[in-house]
There are 2 protein chains.
Amino acid sequence: MTSLVRSVSESTVRRLSLYLRTLERLQAEGAETVASGDLADRAGTTAAQVRKDLSSFGSFGTRGLGYRVGPLHARIREILGLTRPWRVVLVGAGRIGSALFAYPHFRERGFRIEAILDSDPAKIGGVWEGVTIQSAAHLEQVLARAEAEILILAVPAGAAQELAERAAAAGVRGILNFAPVRLRLPDEVEVNNVNLAVELEALSHALVLAEVQG
Amino acid sequence: MTSLVRSVSESTVRRLSLYLRTLERLQAEGAETVASGDLADRAGTTAAQVRKDLSSFGSFGTRGLGYRVGPLHARIREILGLTRPWRVVLVGAGRIGSALFAYPHFRERGFRIEAILDSDPAKIGGVWEGVTIQSAAHLEQVLARAEAEILILAVPAGAAQELAERAAAAGVRGILNFAPVRLRLPDEVEVNNVNLAVELEALSHALVLAEVQG
DNA sequence: GATTGTGAATTATTTCACAGCT
DNA sequence: AGCTGTGAAATAATTCACAATC
């Protein structure tokens with residue numbers, strides 16, 4: 001069987017996600033086709049970049065016309081692994097956890113938060129939209145019962161490594177980590193780090209640079 | 001006057017932010033010096049990368065010994081523009097806004113949220129830790145009174161462009177944008193986008209790839 | 001006439017490897 | 001002996017430019 005999903009670079013993958021959202025807007029606008037230049041403008045890149053990205057998985061644009069919005073959308077969903085739902089467990093029922101749980105774009109894309117865990121007794125037993133917050137002590141059982149594939153880690157830095165290790169041992173395949181620490185885990189566990197301080201600090205660096213350079 | 005801040009690549013800047021946090025942990029552990037290899041392990045990169053990153057702004061490691069933790073920390077703070085406070089206004093008092101407002105790492109690094117805005121009448125007038133949520137209709141006045149330099153945009157996609165334009169016109173210099181849209185703004189406004197759907201989709205892509213490749 | 005697909009050229013980033021300090 | 005600083009080499013990502021196609 002030939003793979004439907006070829007290896008593409010990390011930066012291409014991130015742009016594909018942007019294209020996907022753009023294509024959804026185009027669909028809502030009733031567009032049938034889109035040219036690379038138009039897609040690039042809307043997604044914030046260049047026409048050549050769009051074409052390179054799309055050609056990397058043997059694309060099917062039409063010369064003179066552009067790409068058909070529907071089929072391209074379907075193909076990118078496939079590449080990104082969004083054609084089936086993902087079972088997700090959220091660890092950390094603080095503010096970030098709450099924001100992620102309610103983030104509409106996650107559910108739209110098929111990321112199903114099956115369970116919520118926290119270690120704060122004041123939070124355990126609480127209910128969010130029908131989902132009861134359980135004790136993080138039961139991480140392994142919860143992951144097993146949910147057959148969770150993805151863990152969203154939204155806990156303080158000090159708690160992240162231990163929880164991540166336990167989740168990895170329990171068979172979780174990917175972790176989206178919001179704790180500002182580098183997780184040390186077996187290679188087969190995919191980790192994607194989101195560090196909000198990095199984002200703000202990159203901005204502040206850009207601002208001082210702009211000051212100095214006029 | 002020679003600039004204290006040289007141009008370094010975007011990826012270097014992001015790693016510097018990681019090194020900064022690592023150095024803070026080392027300081028807390030009482031370490032006086034750190035070798036590039038150790039810093040690399042803790043920050044999740046390589047020794048050569050660390051040395052290249054640090055040498056790009058004329059660093060002052062000691063051969064045979066490593067880098068002195070305190071001075072290196074101070075130098076990176078300088079590079080990242082963290083030696084002075086930043087005046088920040090938060091737009092969007094939803095769940096993401098709430099998480100960001102309470103995120104301790106922002107305040108620790110001198111990002112001061114001076115005002116909170118929202119357009120939902122149910123939220124306006126609410127108070128978060130002494131800060132009253134004001135109407136987004138008054139964006140310009142609030143930005144002027146706060147002399148805000150940075151805007152954190154945590155609003156729905158549909159509202160982001162208009163608010164960003166108004167903030168740019170009112171003189172904001174940088175925007176940390178959580179809305180999943182590409183903002184079109186004058187070049188002098190720095191924009192850093194955080195797109196949570198992209199992060200999760202990059203993870204799901206990695207997982208399907210791992211499945212296919214064994 | 002418009003727009004893709006893609007090799008080639010360019011630019012950026014990472015890794016190597018080792019001379020040079022302490 | 002240990003570790004930095006850095007040119008050189010290798011690799012990766014982006015941009016160019018144009019023939020191929022509709």
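In the text below, chain A, chain B and the rest are named by the order of the sequence lines, each starting its count at 1.
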Once each nucleotide of nucleotides 10-16 of chain D is scored for protein heavy atoms under 4.0 Å, what B/S/- sequence comes out, 5' to 3'? ---SSBB
Does any donor atom in the side chain of A/Arg95 or B/Ser98 lie under 3.5 Å from an acceptor atom in the other side chain? yes
Salt bridge (Lys or Arg N to Asp or Glu O under 4.0 Å): pairs with one or both residues in residues 170-198 of chain B, sequence neighbours excluded: A/Glu211-B/Arg173
Side-chain N or O of A/Ser36 versus OP1/OP2 of C/dT4: is the shortest distance under 4.0 Å? yes
Tell me whether B/Ser9 contacts the main-chain N or O of B/Thr12 through its side chain, where contact means a donor paired with an acceptor under 3.5 Å. yes
Within the 3.5 Å criterion, strictly below it, is a donor on A/Arg51 or A/Ser36 matched to an acceptor on the partner's side chain? yes
Should the pair B/Arg87-B/Glu114 be classified as a salt bridge under the 4.0 Å nitrogen-to-oxygen rule? no
What is the distance, to the nearest angstrom, from the CZ atom on A/Phe60 to the P atom on D/dT21? 19 Å
Are OP1 or OP2 of C/dG5 and a side-chain N or O of A/Tyr67 less than 4.0 angstrom apart? yes
Going by salt bridge (Lys or Arg N to Asp or Glu O under 4.0 Å), name the pairs with one or both residues in residues 54-68 of chain B, residues two or more places apart or in two chains. none
Integer-rounded Å distance: C/dT14 P and B/Leu54 CG: 14 Å
What is the distance, rounded to the nearest whole Å, between atom CG of B/Leu65 and atom C1' of D/dG5? 15 Å
Taken to the nearest whole Å, CZ/A/Phe57 to C1'/C/dG5 is 13 Å
At less than 3.5 Å, do the side-chain atoms of A/Arg63 and the base atoms of D/dT21 form a donor-acceptor pair? no
